[in-house]
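Chain letters run A, B, ... following the sequence lines, proteins first and then strands; every chain starts at 1.
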Protein chains: 2
Amino acid sequence: MNTGETRLEHMVDVLKDKGFRLTPQRIAIVEILANSCDHPGVEQIHCEVTKRFSTTSLATVYKTVSLLKELGEVMEIGFGDETNRYDGKNPHPHPHIMCVKCKSITDPDLSSLTALSWELAEETGYQILSHRLDFFGICPKCQKTSEHSH
Amino acid sequence: MNTGETRLEHMVDVLKDKGFRLTPQRIAIVEILANSCDHPGVEQIHCEVTKRFSTTSLATVYKTVSLLKELGEVMEIGFGDETNRYDGKNPHPHPHIMCVKCKSITDPDLSSLTALSWELAEETGYQILSHRLDFFGICPKCQKTSEHSH
DNA sequence: TATTATATGATAATTGTTATTTAATAATAA
DNA sequence: TTATTATTAAATAACAATTATCATATAATA
């Protein structure tokens with residue numbers, strides 16, 4: 001499965017293969033998505049890119065992210081009234097856990113999840129295409145800081 | 001737990017107890033949320049209310065729905081770029097399954113889900129407050145109609 | 001019935017996102 | 001290397017869902 005190429009190289013290859021141009025801004029955005037573990041939002045990505053290419057527009061970030069989304073290379077994590085966040089490391093459906101205080105998002109390992117999909121298909125007759133499993137809570141670090149503030 | 005009062009009565013009582021006024025529009029919105037099984041959106045609720053109170057403003061629907069949400073009496077179901085939908089029958093976290101074609105949302109029964117929360121808390125050290133488990137697929141009815149169209 | 005704080009309705013404002021348009025530029029071939 | 005050309009970027013307008021504002025209306029209470 002992993003032929004030795006990095007996630008960044010893979011994403012760049014996908015763009016190249018489909019005939020999309022490899023502009024510096026685009027590569028920078030791909031790098032950010034491929035390397036960041038913190039599930040950044042558009043605003044955060046834009047903030048990062050402009051450190052290297054100061055004139056980069058928000059619209060460019062939106063377009064690049066949504067292009068990568070269409071190509072199946074990033075997964076969008078939408079939270080109600082919050083802004084969207086993106087996962088470029090693992091673009092396939094997987095559970096997330098978000099801290100409601102510091103807004104950090106991490107990927108827990110949860111077995112016994114694929115079993116759920118089967119159970120569901122059996123029960124409802126649906127053809128399951130995708131799912132979304134997100135937990136909300138308070139991370140260990142924020143639990144500590146709220147103790148201190150008492 | 002259920003003292004014999006209907007869901008509608010309960011929601012009205014909560015409003016009354018907290019000192020919120022029981023205006024006709026508000027009661028109408030609560031009725032719609034308490035009785036509809038199809039997880040309506042704001043637009044759909046507004047459409048229903050105006051059948052009885054024709055001048056009801058969209059803003060009133062938004063405000064009432066968000067009041068009930070804050071009181072924990074309706075649960076918001078947000079889907080990415082789609083508009084929000086609301087569940088007034090069961091305002092506590094529970095799985096949904098949505099048909100990507102007809103946009104219908106139903107509530108499947110899934111056991112072995114609370115176990116997942118425990119597994120997660122153990123693994124991550126998070127204090128779990130809430131969760132969201134949504135499946136996307138094609139419902140039996142839409143599966144049939146797409147066969148016909150071949 | 002009068003009082004008063006709260007809710008409504010109409011609409012303006014805001015926010016996240018998408019579309020548009022002109023200028024810039026990556027890829028290609030001469 | 002340079003010229004060509006279609007694609008991309010930047011700036012900004014447009015958009016849709018939602019929220020805020022404020023004058024008017026009204027539910028609750030005395």
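OP1 or OP2 of C:dG9 has at least one side-chain nitrogen or oxygen of B:Thr60 nearer than 4.0 Å. Distances shown here put a side-chain N or O of B:Thr55 below 4.0 Å from the OP1 or OP2 atom of C:dG9. Note on B:Asn84: every side-chain N or O is 4.0 Å or more away from OP1 and OP2 of D:dA17.
When each of B:Val42 and A:Ala59 is assigned the nucleotide of DNA chain D bearing its nearest heavy atom, the one mapping closer to the 5' terminus is A:Ala59.
Checking side-chain atoms of A:Glu73 against main-chain N and O of A:Val14 turns up no donor-acceptor pair under 3.5 Å. The main-chain N or O of B:Ala34 is never found under 3.5 Å from a side-chain atom of B:Arg7 such that the two would form a donor-acceptor pair.
Between the P atom of D:dT18 and the CG atom of B:Leu58 lies a distance of 9 Å, rounded to the nearest Å. Whole-Å rounding puts the B:Lys16 NZ to C:dT6 P distance at 18 Å. Atom CZ in B:Arg26 sits roughly 14 Å away from atom C1' in C:dG9 (whole-Å rounding). Spacing between atom NZ of A:Lys63 and atom C1' of C:dG16 amounts to 16 Å, rounded to whole angstrom units. Whole-Å rounding puts the B:Leu15 CG to D:dA28 C1' distance at 14 Å. Atom OH of A:Tyr62 is separated from atom P of D:dA13 by 18 Å (rounded to the nearest Å). Look at NE2 on A:His46: it is 14 Å from C1' on C:dT17, rounded to the nearest Å. The distance between atom CG of B:Leu67 and atom P of D:dT19, rounded to the nearest whole Å, is 13 Å.
Between B:Glu76 and B:Arg85, every side-chain heavy-atom pair lies at or beyond the 4.5 Å cut-off. Contact annotation: the side chain of B:Leu71 approaches that of B:Lys18 to within less than 4.5 Å [non-hydrogen atoms, C-beta and beyond]. Looking at heavy atoms from C-beta onward, A:Thr60 lies out of side-chain contact with A:Tyr62 at the 4.5 angstrom threshold. Using a 4.5 Å heavy-atom cutoff, the side chains of B:Met98 and B:Ile77 are not in contact. Between A:Gln44 and A:Asp38, the closest side-chain pair of non-hydrogen atoms falls below 4.5 Å.
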Only pairs under 3.5 Å count here: list side-chain donor-acceptor contacts from residues 119-131 of chain B, not counting sequence neighbours, and write none if there are none.
{"residue": "B:Glu123", "atom": "OE2", "partner": "A:Asp109", "partner atom": "N", "Å": "3.0"}
{"residue": "B:Thr124", "atom": "OG1", "partner": "B:Leu120", "partner atom": "O", "Å": "2.9"}
{"residue": "B:Thr124", "atom": "OG1", "partner": "B:Tyr126", "partner atom": "N", "Å": "3.2"}

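Residues from residues 86-93 of chain B lying near DNA chain C, meaning a heavy-atom separation below 4.0 Å, are absent.
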Checklist entry - Taking protein heavy atoms under 4.0 Å as touching, what does nucleotides 24-30 of chain C look like 5' to 3' if B marks base contact, S marks sugar-phosphate-only contact and - marks none? => result -BBS---
Next on the checklist: side chain to side chain donor-acceptor pair (under 3.5 Å) for B:His94 and B:His92? Distances and angles first, verdict last.
Outcome noted: CA-CA 6 Å; B:His94 60 280; B:His92 306 294; over 6 Å; no
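Counting any heavy atom pair closer than 4.0 Å across all strands shown, A:Ser66 reaches no nucleic acid atom.
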